[in-house]
Amino acid sequence: MADTASTARQRSPLAHAADRLAAATRSSGGAIRLAEVPFLTQLNVRLDAKSPAADAVGLALGLQLPLEPDTAVRGGDLRAVWLGPDEWLVVGLPGTQRDLESRIRSAAGDAPVSVTDVSAQRTTVLVGGPRARDLLSHGCRLDLHPRAFGPGRCAQTTLARTQVVLVARDEPRAGFWVLVRSSFADHLTNWLLDAAVEYR
C-alpha cells in the first residue's frame with residue numbers, strides 16, 4: 001500500500017472560509033482586514049529564563065526571549081511570545097519545525113529544556129485594518145487601546161468566549177494575530193465575520 005501521508009495536500013482549518021474572509025475585507029472598504037495565516041510553525045519552549053541556556057537559545061534564534069510578561073519579540077521571520085515565566089511560544093515560517101527545534105536543543109546543551117511542536121494545534125487569523133482594535137474589543141475584555149496593548153504586546157485571553165493567544169504585531173499597520181485552537185477556529189471566524197458587518 002502506497003504511503004500517501006507525505007504526498008497528501010495539507011488543508012488548513014479555515015481554508016473553506018477564505019472567500020468569506022476576503023469578502024468581509026472588501027466590503028469593509030479597507031477598515032477591516034481578515035485572513036487566515038495557515039501552517040505557521042509553533043513551538044512551545046520551556047526552560048529557566050535566568051539560565052545561560054535561555055541567552056544561548058535567544059542567540060541561536062536571532063532574538064532575545066522576552067522576559068517581561070505579555071510581550072512578544074520579533075527577529076527576522078521568527079517571533080517569541082511570552083506565555084509564562086519559563087515558557088514561550090516560538091512562531092516561525094511554515095515547515096521550519098525541525099530546524100528550529102534542532103537549533104533550540106543544540107543551543108540549550110545539557111540544560112533542561114522542553115520543546116513541543118504545537119503547530120497543528122492552532123491556526124492563526126490576521127485581524128488588521130484601522131478598525132481592527134474596535135472589532136476585537138467587541139469580544140475581548142482586554143483594554144486594547146494602543147497605550148495598553150500596543151505593538152509587541154501579547155496575551156492569553158478570551159475572544160468571543162474562545163481561548164486565544166492575541167499578539168499585537170510590531171510591523172507598521174500589521175494588526176493582530178489571533179492564535180486559536182483549530183477546533184474553535186470556525187466559531188471564532190463566524191463571530192469575526194458577524195462583528196465585521198458593522199464596518200460595511
Side-chain angles (χ1 to χ4, degrees), residues 10-14 35-128 132 136 140 142 144 149-159 162-185 188:
Q10 277 187 304
R11 185 168 172 83
S12 71
L14 294 175
E36 182 186 21
V37 186
F39 309 126
L40 290 177
T41 291
Q42 299 182 43
L43 299 180
N44 187 274
V45 178
R46 300 199 70 165
L47 77 162
D48 182 353
K50 297 179 181 177
S51 69
D55 293 332
V57 166
L59 189 61
L61 296 177
L63 50 76
Q64 182 177 5
L65 294 176
L67 302 180
E68 181 184 344
D70 300 328
T71 58
V73 173
R74 183 170 57 104
D77 293 325
L78 296 179
R79 184 174 270 105
V81 178
W82 187 94
L83 296 181
D86 65 350
E87 184 177 9
W88 299 268
L89 186 68
V90 176
V91 183
L93 296 175
T96 59
Q97 293 94 319
R98 288 184 182 172
D99 172 61
L100 288 175
E101 181 173 355
S102 175
R103 285 159 60 186
I104 292 167
R105 291 191 183 280
S106 294
D110 295 332
V113 63
S114 168
V115 184
T116 307
D117 182 3
V118 295
S119 306
Q121 183 185 64
R122 300 184 191 97
T123 191
T124 304
V125 180
L126 171 68
V127 181
L136 293 172
C140 182
L142 291 178
L144 296 180
F149 202 83
R153 303 300 297 186
C154 66
Q156 296 181 83
T157 187
T158 56
L159 176 62
T162 302
Q163 292 289 328
V164 300
V165 178
L166 183 63
V167 180
R169 299 176 66 208
D170 56 0
E171 300 92 334
R173 299 183 300 280
F176 300 83
W177 273 350
V178 183
L179 286 71
V180 59
R181 289 183 185 275
S182 298
S183 55
F184 287 92
L188 180 66

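- Between L159 and T157, every side-chain heavy-atom pair lies at or beyond the 4.5 Å cut-off.
- Heavy atoms only, all atoms of each residue included: F39 and Q10 are closest at CZ-CB, 3.6 Å.
- When every heavy atom of C154 is checked against every heavy atom of V81, the shortest pair comes out as SG-CG1, 3.5 Å.
- Between L47 and W88 the shortest heavy-atom distance is CD2-CZ3, 3.4 Å.
- With values rounded to the nearest 0.5 angstrom, L142 atom CG is found 10.0 Å from L136 atom CG.
- In this structure D86 satisfies the side chain to side chain contact (heavy atoms under 4.5 Å, CB included) test together with R46, sequence neighbours excluded.
- Residue pairs meeting the salt bridge (Lys or Arg N to Asp or Glu O under 4.0 Å) criterion with at least one member in residues 60-69, sequence neighbours excluded: E68-R153.
- For the pair I104 and V45, the minimum side-chain heavy-atom distance is below 4.5 Å.
- Here R103 pairs with D99 under the salt bridge (Lys or Arg N to Asp or Glu O under 4.0 Å) rule; sequence neighbours left out.
- For R98, there are no side chain to side chain contact (heavy atoms under 4.5 Å, CB included) partners at least two apart in sequence or on another chain.
- Sorted by first and then second residue, the side-chain hydrogen bond (donor to acceptor under 3.5 Å, both in side chains) pairs involving residues 70-82 (not counting sequence neighbours) are R74-D170, R79-D170, R79-E171.
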Residues 118-125, side-chain donor-acceptor partners within the protein, below 3.5 Å, at least two apart:
from: S119; atom 1: OG; to: Q42; atom 2: N; distance (Å): 2.9
from: S119; atom 1: OG; to: Q42; atom 2: O; distance (Å): 3.4
from: S119; atom 1: OG; to: Q97; atom 2: NE2; distance (Å): 3.4
from: S119; atom 1: OG; to: D117; atom 2: OD1; distance (Å): 2.6
from: R122; atom 1: NH1; to: Q42; atom 2: OE1; distance (Å): 3.2
from: T123; atom 1: OG1; to: E36; atom 2: OE2; distance (Å): 2.6

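- Listed for the T41 side chain is a donor-acceptor partner under 3.5 Å among the backbone atoms of T96.
- Side chains of T116 and L43 form no contact here, defined as non-hydrogen atoms less than 4.5 Å apart.
- Residue pairs meeting the salt bridge (Lys or Arg N to Asp or Glu O under 4.0 Å) criterion with at least one partner in residues 104-113, sequence neighbours excluded, are E101-R105.
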Could you pull out all donor-acceptor pairs under 3.5 Å where a side-chain atom in residues 51-66 meets a protein atom, sequence neighbours excluded?
from: S51; atom 1: OG; to: D48; atom 2: O; distance (Å): 2.7
from: S51; atom 1: OG; to: A53; atom 2: N; distance (Å): 3.4
from: S51; atom 1: OG; to: A54; atom 2: N; distance (Å): 3.3

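- For S183, the side chain to side chain contact (heavy atoms under 4.5 Å, CB included) partners two or more places apart in sequence, or in a different chain, are R181.
- Taking the side chain as every heavy atom from C-beta outward, L83 and N44 approach each other to under 4.5 Å.
- Contact check for V164 versus F184: no side-chain heavy atoms found under the 4.5 Å cut-off.
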**Test side-chain contact (heavy atoms from CB on, under 4.5 Å) applied to L179 and V167, step by step** = CA-CA 8 Å; L179 286 71; V167 180; 4.3 Å; yes
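- Atom CH2 of W177 and atom CG of L126 lie 9.0 Å apart (nearest 0.5 Å).
- Here L78 contributes atom CG and L100 contributes atom CG; the two are 5.5 Å apart, rounded to the nearest 0.5 Å.
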